[in-house]
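Here, residue 1 is the first one in the sequence, and each next residue gets the next number. Predicted, not measured: the structure shown is a model, and the values here were computed from it. These numbers come from the heavy atoms of this one structure, side chains and all, not from hydrogens, waters or symmetry mates. First listed ligand is number 1; within each ligand, the first listed atom is number 1.
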Amino acid sequence: MRKPDSKIVLLGDMNVGKTSLLQRYMERRFPDTVSTVGGAFYLKQWRSYNISIWDTAGREQFHGLGSMYCRGAAAIILTYDVNHPQSLVELEDRFLGLTDTASKDCLFAIVGNKVDLTEEGALAGQEKEKCSPDTDAGDCVSPRVPKQVQLEDAVALYKKILKYKMLDEQDVPAAEQMCFETSAKTGYNVDLLFETLFDLVVPMILQQRAERPSHTVDISSQKPPKRTRSGCCA
Ligand SMILES: Nc1nc2c(ncn2[C@@H]2O[C@H](COP(=O)(O)OP(=O)(O)OP(=O)(O)O)[C@@H](O)[C@H]2O)c(=O)[nH]1
Ligand SMILES: [Mg+2]
């Protein structure tokens, strides 16, 4: 198996659409999902780099595994459902602490998913035919509701995270670049989310490589060991 150069992890409450987002990006479809057990990952080749993207379980019973999946992560996607304010609250209360094991310069993206279900989704080009007896289930939309969580709430959380991590706003990407509203169902902003992160992670890979001590020994520059009287080497 190809060895990953970097790691991105999806975190968030159950049912917010983590698995659906990843499948939409990697497989270009929106299949039925079952609630994730433990975790699973995809390997994505981005330019000449291999990036592993980990999907985790949002269910409380798997909570203990979260920090293990985050270990060494270069970026974490904190996912909520724009129709469930509690799912944003949970990111701060339950999931942020799991990211302590991530890389010290870990990037954070905050993602409000299921925007297709909102009235605002229609303005963002999410309009689809309403369900009718002749419409395929995958092509129909539930009745639209006003969005329950605003993008500004996600931006506020992003700024809290910077404080929690003791990061300076000037040293990290701007909140507006790292807070997204998506729909795994229609694909809205899904490529933008993942590919923004890939582009930000690549310089981190290069920096790590530059800092890593070289394990290669140039044997041509090594002098043969001197013989001592006992026959051993000095
Ligand atoms: N309308 C709509 N439904 C979505 C969207 N994304 C996911 N869903 C639905 O929401 C439900 C949960 O999606 P999952 O992707 O399994 O959620 P999850 O976050 O992986 O959940 P856990 O694995 O339990 O943590 C499924 O019925 C999906 O079809 C979306 O963008 N729009
Ligand atoms: Mg899942």
Side-chain angles (χ1 to χ4, degrees), residues 8-42 52-70 73 75-99 108-132 135-151 154 157 179-194:
I8 295 178
V9 182
L10 281 147
L11 285 184
D13 209 353
M14 63 180 286
N15 218 37
V16 296
K18 300 176 296 298
T19 303
S20 302
L21 282 167
L22 196 45
Q23 293 196 338
R24 162 62 74 190
Y25 182 69
M26 294 299 296
E27 296 177 5
R28 320 309 289 172
R29 61 196 188 102
F30 179 66
D32 285 341
T33 53
V34 286
S35 188
T36 304
V37 172
F41 78 99
Y42 281 90
S52 61
I53 314 172
W54 285 82
D55 180 23
T56 61
R59 269 194 280 167
E60 188 93 50
Q61 71 192 98
F62 297 111
H63 194 65
L65 298 175
S67 54
M68 188 186 84
Y69 287 118
C70 289
I76 291 182
I77 303 174
L78 292 166
T79 318
Y80 66 94
D81 176 344
V82 291
N83 306 298
H84 285 101
Q86 186 58 27
S87 66
L88 185 76
V89 174
E90 293 288 314
L91 289 181
E92 186 181 354
D93 290 357
R94 196 151 70 88
F95 292 96
L96 186 55
L98 301 178
T99 67
F108 289 87
I110 304 184
V111 176
N113 189 39
K114 304 198 188 182
V115 78
D116 59 283
L117 296 176
T118 67
E119 288 170 356
E120 292 84 345
L123 300 174
Q126 301 296 298
E127 198 63 81
K128 277 202 167 187
E129 292 295 312
K130 287 250 170 357
C131 295
S132 75
T135 320
D136 279 349
D139 287 339
C140 62
V141 290
S142 310
R144 293 178 189 286
V145 289
K147 198 167 57 180
Q148 299 291 303
V149 186
Q150 305 306 319
L151 196 56
L157 175 61
C179 295
F180 299 81
E181 286 184 337
T182 58
S183 167
K185 182 167 183 173
T186 66
Y188 177 70
N189 272 349
V190 175
D191 288 359
L192 179 71
L193 161 68
F194 285 102

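A donor-acceptor pair under 3.5 Å is formed between the side chain of His63 and the backbone N or O of Arg94. Although no hydrogens or angles enter the test, the distance criterion places no donor-acceptor pair under 3.5 Å between the side chain of Ser183 and the main chain of Tyr188. No donor-acceptor pair under 3.5 Å is formed between the side chain of Tyr42 and the backbone N or O of Met26. Arg144 places no side-chain N or O within donor-acceptor distance of the main-chain N or O of Leu117, the cut-off being under 3.5 Å. The backbone N or O of Glu181 sits less than 3.5 Å from a side-chain atom of Asn189, completing a donor-acceptor pair. Of the possible donor and acceptor atoms, one in the side chain of Gln148 sits under 3.5 Å from a partner among the backbone N and O of Pro146.
Listed by number with element, the atoms of ligand 1 under 4.0 Å from a non-hydrogen atom of Ala57 are 25 (O). The Lys185 neighbourhood of ligand 1 comprises atoms 1 (N), 30 (C), 31 (O), 32 (N), with distances under 4.0 Å to a heavy atom of that residue. Within ligand 1, counting atoms from 1 as listed, the ones closer than 4.0 Å to a heavy atom of Asp116 are 1 (N), 2 (C), 30 (C), 31 (O), 32 (N). Listed by number with element, the atoms of ligand 1 under 4.0 Å from a non-hydrogen atom of Thr36 are 22 (P), 23 (O), 24 (O). Annotation for ligand 1: atoms under 4.0 Å from non-hydrogen atoms of Leu117 are 1 (N). Counting atoms of ligand 1 from 1 in the listed order, those under 4.0 Å from a heavy atom of Ala184 are 6 (N), 30 (C), 31 (O). Every atom of ligand 1 with a heavy atom of Thr33 under 4.0 Å away is listed here by number and element: 13 (O), 14 (P), 15 (O), 16 (O), 26 (C). Every atom of ligand 1 with a heavy atom of Met14 under 4.0 Å away is listed here by number and element: 21 (O), 22 (P), 24 (O), 25 (O).
Using a cut-off of 2.8 Å, one finds that Ser20 contributes no N/O/S atom close to the Mg ion (ligand 2). For Thr19, the nearest N, O or S atom to the Mg ion (ligand 2) falls under 2.8 Å.
With distances taken over non-hydrogen atoms, the option nearest atom 5 (C) of ligand 1 out of Lys18, Glu181, Arg24, Lys114 is Lys114.
Taking any N or O of Asn113, backbone or side chain, at least one lies under 3.5 Å from an N or O belonging to ligand 1. At under 3.5 Å, not a single nitrogen or oxygen of Val34, backbone or side chain, sits near a nitrogen or oxygen of ligand 1.
Ligand 1 does not have Gly12 within reach: every non-hydrogen atom of the residue lies 4.0 Å or more from it.
Across Val111, Thr79, Asn113, a single residue satisfies side-chain contact (heavy atoms from CB on, under 4.5 Å) together with Lys18, and that is Thr79.
Atom OG of Ser20 is separated from atom CD of Gln23 by 6.5 Å, given to the nearest 0.5 angstrom. Remark: Thr56 OG1 to Leu11 CG distance equals 4.5 Å, nearest 0.5 Å. With values rounded to the nearest 0.5 angstrom, Lys147 atom NZ is found 15.5 Å from Lys114 atom NZ.
Contacts between Val16 and ligand 1, counted as non-hydrogen atom pairs separated by less than 4.0 Å, involve both the backbone and the side chain.
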